[in-house]
Amino acid sequence: MKRRIAHFFALLVASWIVMTLTHESGHLIGGAASGATLTDYDVVPWRMPYSLHAPDPHPLVTLWAGPVLGVLFPLMFAVLVRRSWGWFIADFCLIANGGYLALSWISGDHFLDTPRLLAAGTHPLFIIVFCVLTMGLGYPWFRSDCVRVLTPHTDKTDEGVSEATEI
């Protein structure tokens with residue numbers, strides 16, 4: 001049991017790191033692709049990562065690239081590696097990116113993505129659709145991932161029953 005819980009928490013830590021790096025990298029890529037000038041950034045995952053662009057001729061590209069690439073990069077990686085731990089991380093990123101947009105909308109903090117998206121002209125319906133899709137798909141998948149990691153599995157072998165430890 002202790003090994004499964006340690007494995008679960010290790011996956012959560014890896015998921016958080018991947019989510020913060022892919023989300024913020026998305027903003028960096030979006031800003032670079034749209035001609036924005038990067039003025040400051042911090043991608044350290046144990047602090048609140050951020051990137052600031054000024055001027056930013058296409059802020060919607062810069063802002064949307066964070067959550068969109070923050071979902072797509074982990075999903076593409078999971079498809080490529082075809083391992084359950086890859087899906088655990090990708091599904092976490094789905095929930096986290098959608099949840100972040102929803103919670104930053106509720107907080108109203110003008111430094112967070114959703115108030116900035118709204119100020120840049122995003123129609124609220126686009127944010128709602130993104131949140132519903134990412135959290136709606138991510139929740140059942142991530143819940144299944146968590147159950148798989150935390151539930152003891154048995155493999156019948158010639159010597160008896162042993163617990164499988166690899167996810």
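Quantities reported herein were computed from a predicted structural model and do not represent experimental measurements.
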In the structure I gave you, are the side-chain heavy atoms of [X] and [Y] within less than 4.5 Å of one another anywhere?
X: Trp105; Y: Leu118; answer: yes
X: Phe88; Y: Leu12; answer: yes
X: Asp109; Y: Pro115; answer: no
X: Val43; Y: Ser25; answer: no
X: Leu80; Y: Phe77; answer: no
X: Pro55; Y: Thr37; answer: yes
X: Trp16; Y: Trp46; answer: no
X: Ser104; Y: His110; answer: no

If hydrophobic clusters are built by linking Ile, Leu, Val, Met, Phe, Trp and Tyr wherever their side-chain heavy atoms come under 4.5 Å apart, do [X] and [Y] end up in the same one?
X: Met19; Y: Leu75; value: no
X: Leu133; Y: Leu125; value: yes
X: Val149; Y: Val18; value: yes
X: Ile127; Y: Tyr100; value: yes
X: Leu94; Y: Leu72; value: yes

| task | Check the surroundings of atom CZ in Phe9: do more than 12 heavy atoms from other residues, nucleotides or ligands lie under 6.0 Å from it? | result |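 Incorrect, the count does not exceed 12.
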| Neighbour count above 12 (heavy atom, 6.0 Å) for Tyr41 OH |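 Incorrect, the count does not exceed 12.
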| said: If you take the centroid of each ring, where Trp contributes its six-membered ring, are Phe130 and Trp64 closer together than 6.0 Å? | reply: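 Yes: the rings meet the under 6.0 Å criterion.
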Can you give me the closest heavy-atom contact between [X] and [Y], atom names plus distance?
X: Gly70; Y: Cys93; value: O-CB, 3.6 Å
X: Ala65; Y: Gly26; value: CB-O, 3.0 Å
X: Leu117; Y: Leu60; value: O-CD2, 4.0 Å
X: Ser34; Y: Pro57; value: O-CG, 3.3 Å
X: Ala78; Y: Gly86; value: CB-O, 3.5 Å
X: His23; Y: Asp113; value: NE2-OD2, 2.9 Å

Mind checking the [atom1]-[atom2] spacing from [X] to [Y]? Nearest 0.5 Å is all I need.
X: Thr62; Y: Leu38; atom1: OG1; atom2: CG; value: 10.0 Å
X: Glu24; Y: Met48; atom1: CD; atom2: CE; value: 9.0 Å
X: Leu101; Y: Met135; atom1: CG; atom2: CE; value: 8.5 Å
X: Arg116; Y: Thr122; atom1: CZ; atom2: OG1; value: 11.5 Å
X: Ser15; Y: Trp85; atom1: OG; atom2: CH2; value: 10.5 Å
X: Asp91; Y: Asp145; atom1: CG; atom2: CG; value: 4.5 Å

| query | Do Asp40 and Tyr50 pass the side-chain contact (heavy atoms from CB on, under 4.5 Å) test, and can you show the C-alpha distance, the side-chain angles, and the key distance before you say yes or no? | reply | CA-CA 8 Å; Asp40 193 19; Tyr50 68 90; 2.8 Å; yes
| query | Is the backbone N or O of Ile17 less than 3.5 Å from a side-chain atom of Thr20, with the two atoms forming a donor-acceptor pair by type? | reply |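 The answer is yes, because a donor-acceptor pair under 3.5 Å joins these two groups.
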| query | Can a donor-acceptor pair be found between the side chains of Asn97 and Thr134 at a distance below 3.5 Å? | reply |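 Distance-only check fails for Asn97 and Thr134.
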